[in-house]
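Ligands are counted one by one from 1 in listed order, and the atoms in each one are counted from 1 as well.
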Amino acid sequence: MTPAFFQTPIDYLKGVGPNRADLLKKELGIHTFQDLLNLFPNRYLDRTQFYKISQLQKTNAEVQIIGKITHIKNVEQKRGKRLVASFIDDSGKMELIWFRGHKWIRENLKLNEAYVIFGKTNWFNGLFSMPHPEIELLSDYEKSLRPVMQPVYPSTEKLAARGITNRVINTLMQQLFLESKNNITETLSKPLLETLKLSSKKEALLNVHFPQNQDLLARAEYRLKFEELFYIQLQLIRKNHLHKSKIKGYPFPKVGEYFNTFFKEHLPFELTNAQKRVIKEIRNDLGSKAQMNRLLQGDVGSGKTIVALMSMLIAIDNGFQTCLMAPTEILSVQHYNSLLELCNNLKLSTYILTGSTKASDRRIIHEKLESGEIDILIGTHALLEDKVKFKNLGLAIIDEQHRFGVAQRSKLWLKNKFPPHVLVMTATPIPRTLAMSVYGDLDISIIDELPPGRKEIKTVHRFDANRLRVFRFLKDEILKGRQVYIVYPLIQESEALDYKDLMDGYESISREFQKPNYQISIVHGKMKPKDKEFEMNRFIKGETQIMIATTVIEVGVNIPNASVMVIESAERFGLSQLHQLRGRVGRGAEQSFCILMTSHKLSENAQARLKTMVKTSDGFEIAEVDLRLRGPGDLMGTQQSGVLNLRIADIIKDHEILKLARSYASQLLKSDPSLSSPVNLPIKSTYIQLSKYRNIWNYIS
Ligand code: ADP
Ligand code: MG
């Protein structure tokens with residue numbers, strides 16, 4: 001597009017003026033001609049179809065009818081008057097109603113002439129009525145060149161109240177097109193348009209605002225969606241490339257002694273193909289001169305720990321230190337123990353640092369870190385303290401990504417001359433489409449395969465009324481030597497009630513499962529950390545058979561003997577939470593179970609969640625359903641929802657276009673990184689313009 005013309009303030013469009021300009025800016029963020037051009041309709045009204053009055057349904061949808069007004073009368077009501085017209089066709093009778101503009105209507109509407117009316121209908125007292133219809137003489141209607149598909153633009157209450165109706169926006173759009181004429185220039189390259197058979201920019205804009213038929217509209221939408229996603233991807237991938245060329249990392253050229261010895265002699269099992277692939281991806285990153293910034297996604301139990309360890313060994317082989325940070329003390333201890341076990345024979349210096357590390361031990365750790373004696377440091381947030389200084393931190397691994405903020409991550413960077421390579425591991429899969437749009441500038445590795453021989457966790461949905469049967473089942477399992485989790489929801493807004501539920505539950509379970517045959521642990525957020533730890537440890541050691549808890553156990557604890565997970569009020573949990581909770585079991589050799597308890601009152605959405613849980617244990621599949629049920633903004637949290645503030649594309653519905661856009665953006669940057677080839681000029685200038693006028697920054701926080 002010709003930037004200058006389209007950057008004209010909206011005030012200068014004929015028909016706008018200062019008041020309307022003000023409203024358009026405040027309500028719809030329309031400041032310039034271009035902003036208006038990019039205001040895309042939410043939907044279209046099909047004005048090709050006509051209804052008979054006798055065909056009307058009580059659904060309150062918009063309909064178009066041909067008929068005549070037989071008479072008009074004023075009806076007095078509590079507040080003011082209303083004007084009512086009787087309207088008939090050959091099938092029946094209805095009413096048209098106006099609350100304002102009576103004078104004009106009285107003076108202009110003709111009796112017994114054919115009119116076309118359009119609007120929403122109401123059903124009252126055996127009669128349909130249409131308030132404030134769009135009304136036009138049939139003869140005029142037939143002459144007019146109205147679009148058959150009438151666009152409906154986004155609006156707000158304030159706009160409607162101040163008279164900027166959809167009709168007005170339509171008129172403004174027409175005016176804009178009249179003035180734009182030859183100013184709309186192409187924003188994609190010729191080869192791209194030809195390969196993908198896309199409409200030109202001009203055609204697309206024209207057809208999205210004034211579609212002549214469904215086909216043209218579909219083509220126009222496709223082109224505009226592709227363009228929107230293409231430029232976002234271009235931006236994200238370019239950011240990633242810039243990051244790689246600007247931010248130097250420590251190259252780890254060799255795979256040495258530690259890695260090879262471990263791989264040849266100590267690997268406790270054969271790696272899955274997914275693990276092998278991911279280790280290769282990480283090795284490639286570490287071998288390059290760029291700093292690695294990689295997200296490792298893998299379902300609970302998919303074997304991320306061994307990947308972390310082998311990555312660390314590469315760093316150590318190259319003379320660097322490494323650290324592994326986990327969100328809780330318990331998880332840190334578990335990582336520490338499993339790493340010690342795995343590298344038992346490797347003679348590595350491995351330490352753990354958490355909030356409860358004694359001051360004297362802390363000092364020793366600080367010293368050994370600075371002297372370079374420590375190879376692997378494992379711990380919690382304690383690793384981020386200023387006093388923790390590495391001699392040469394080469395690789396930082398972060399487990400359970402969503403618990404740490406970006407700011408905390410970057411703190412790790414400051415511990416060095418060069419930022420260390422960073423590997424973030426998460427067990428909450430992010431749907432691929434979402435990951436592409438939100439983390440497009442991160443590299444992503446995926447472990448999409450579980451180690452062989454895992455028994456699928458049997459998941460069932462039970463109603464509260466079946467509680468006794470569930471209790472009997474729990475007793476049987478405990479008799480076999482298993483342990484059981486019973487989890488209650490705890491949501492901030494209903495905290496007091498939730499605690500009551502938890503305590504009531506505890507009481508009834510204590511009554512059912514009495515000492516000395518049964519021992520029960522309870523853990524919740526109101527307990528002191530020390531008491532929590534104590535109770536948790538009793539369960540870990542097997543002294544108690546039942547662990548009653550709020551969601552504090554959500555993250556990563558590994559207790560192979562615990563094979564039953566009961567989730568109370570399961571309808572109140574989100575899908576990803578349910579999936580995380582279920583992941584606490586199924587870690588041992590025994591058949592594991594997950595029992596979702598609910599009342600009979602279930603929303604449609606809750607039913608969909610429960611059904612999904614029963615049907616599948618594939619974290620990616622669950623994540624996709626979650627995305628569909630909750631929408632992208634909710635899934636990613638408000639902090640990132642700006643990224644998903646798309647104008648026309650929808651990352652769920654349009655994920656095929658998204659994939660295409662990403663692949664073309666990536667190809668383009670590979671073949672012409674600086675976009676300097678003449679054929680890419682339209683792309684380059686659009687890209688620069690988008691960055692300059694901040695439009696694209698709306699997407700990228
Ligand atoms: P997560 O991805 O949840 O962190 P872990 O790394 O804790 O998973 O692995 C879960 C369990 O699976 C561990 O007991 C681990 O030893 C085992 N494991 C990991 N990879 C394999 C494999 N390739 N073959 C067999 N068992 C494996
Ligand atoms: Mg883990």
(message) Salt bridge check, Arg362 against Glu385: does any charged N sit closer than 4.0 Å to a carboxylate O?
(response)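 Result for this pair is yes, salt bridge flagged.
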
(request) Mind jotting down which residue pairs meet the salt bridge (charged side-chain N to carboxylate O under 4.0 Å, His left out) criterion with at least one end in residues 562-572? Sequence neighbours excluded, please. (result)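 Sorted result for residues 562-572: Arg467-Glu568, Asp498-Arg572.
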
(message) Under the salt bridge (charged side-chain N to carboxylate O under 4.0 Å, His left out) definition, can you give me all pairs with a residue in residues 296-305, not counting sequence neighbours?
(response)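 Every pair satisfying salt bridge (charged side-chain N to carboxylate O under 4.0 Å, His left out) with a residue in residues 296-305: there are none.
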
(message) Are Tyr506 and Tyr488, when compared by the centres of their aromatic rings, separated by less than 6.0 Å?
(response)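 Centroid distance Tyr506-Tyr488: not below 6.0 Å, so no.
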
Provide, line by line, the atom pairs where ligand 1 and the protein bring an N/O atom each to a distance under 3.5 Å; else say none.
unit_1, atom_1, unit_2, atom_2, d
ligand 1, 2 (O), Ser302, N, 3.4
ligand 1, 2 (O), Gly303, N, 3.1
ligand 1, 2 (O), Lys304, N, 2.9
ligand 1, 2 (O), Lys304, NZ, 2.8
ligand 1, 3 (O), Gly301, N, 2.6
ligand 1, 6 (O), Lys304, N, 3.2
ligand 1, 6 (O), Thr305, N, 2.9
ligand 1, 6 (O), Thr305, OG1, 2.6
ligand 1, 7 (O), Thr305, OG1, 3.4
ligand 1, 8 (O), Gly303, N, 3.2
ligand 1, 12 (O), Arg454, NH2, 2.6
ligand 1, 20 (N), Gln275, NE2, 3.0
ligand 1, 23 (N), Glu270, O, 2.9
ligand 1, 23 (N), Gln275, OE1, 2.9

(message) Is the terminal nitrogen or CZ of Lys526 (NZ for Lys, CZ for Arg) located under 6.0 angstrom from the six-membered ring centre of Tyr499 and within 45° of that ring's axis?
(response)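 Output yes; distance and angle both within limits.
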
(request) Could you tell me which residues satisfy side-chain contact (heavy atoms from CB on, under 4.5 Å) with Ala661, sequence neighbours excluded, listed by chain and number? (result)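 Expected list: Phe226, Leu229, Phe230.
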
